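Scroll down for the structure; my scribbles are underneath it.
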Amino acid sequence: MSELDILIFAPHPDDAEIGMAGSILLWAKEGARIGIVDLTRGELGTKGDVESRAQEAEEASRLLGLALRENLDLGDGRLIDDESNREKIANRIRMHRPRVVFVTPDFDRHPDHEAANKLVKAAFFLARLPKYHGDERAHSVNAWYNYFIHDMHRVSFVVDITSVWAQKVEVLKAYRSQFVEGEVPDGYRYVGTSDYLRQLEAYSQYLGAKIGVERGEGFYAPAPLKVRNVLDIIP
Ligand SMILES: [Zn+2]
């Protein structure tokens with residue numbers, strides 16, 4: 001059993017890194033114990049295969065300084081919000097006892113990303129109920145937030161990741177099959193994998209511009225944020 005500060009649920013290996021590797025690097029450096037639970041193995045991904053993606057996730061975890069990484073193998077492209085999956089995720093929350101949970105938002109073009117949101121939202125609630133599966137390890141998470149992969153039209157706060165942008169790119173490049181190695185099928189949306197890195201760079205600049213810095217990662221807060229002094233949060 002581990003006790004984490006932050007537990008991040010990722011529909012596919014590399015989603016957590018795309019959305020928030022910079023924030024993970026910053027917070028881990030400050031001593032936070034951070035874990036990632038991948039919900040699927042990404043077996044339907046156009047590029048790479050299950051074995052290479054598992055090795056890549058291991059390498060990325062090392063670069064991020066994660067306290068924990070595991071994969072629930074719930075089925076790429078088949079992720080659904082049902083009782084069995086809710087229970088598995090609630091169990092991970094009870095086992096790892098994080099203070100804060102992150103997952104993809106419910107506004108995303110990939111159905112697995114939206115399903116992950118629904119699952120984690122339900123598990124976040126159920127994990128705290130002692131009578132849910134009669135488990136005395138019930139655990140209340142303080143807050144849950146969403147990180148962005150494709151759509152970022154609802155931004156509640158932005159983390160300045162300018163100082164760790166180069167490191168984030170190295171973490172992404174650990175996913176060689178996704179970001180470095182070249183071949184993509186005819187008609188694939190991007191001309192080459194480096195295009196995807198350029199797109200992520202543009203997103204980071206867009207989000208950074210919202211708070212007046214070079215690079216940012218944005219997050220959505222489903223519930224209001226607690227503020228003690230408004231002077232602490234001015235950009
Ligand atoms: Zn994904």
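Remember, it's 1-based here, ligands and their atoms both numbered in the order they're listed. All values derive from a computational prediction rather than experimental measurement.
Going from atom CD1 of Ile36 over to atom CG of Asp15 covers 10.0 Å, rounded to the nearest 0.5 Å.
Counted by atom type alone, His96 and Glu70 present one or more donor-acceptor pairs between their side chains at under 3.5 Å. A donor and an acceptor atom, one from each side chain of Glu17 and Tyr175, are located under 3.5 Å apart. Side-chain contact of Asp112 with His12: a donor-acceptor pair under 3.5 Å is present, judged by distance alone.
Between the OD2 atom of Asp15 and the NE2 atom of His113, the angle taken at the Zn ion (ligand 1) works out to 100° after rounding to 10°.
Nearest to the Zn ion (ligand 1), among the N, O or S atoms that His12 has, is ND1.
The distance from the Zn ion (ligand 1) to the nearest N/O/S atom of His110 is not under 2.8 Å.
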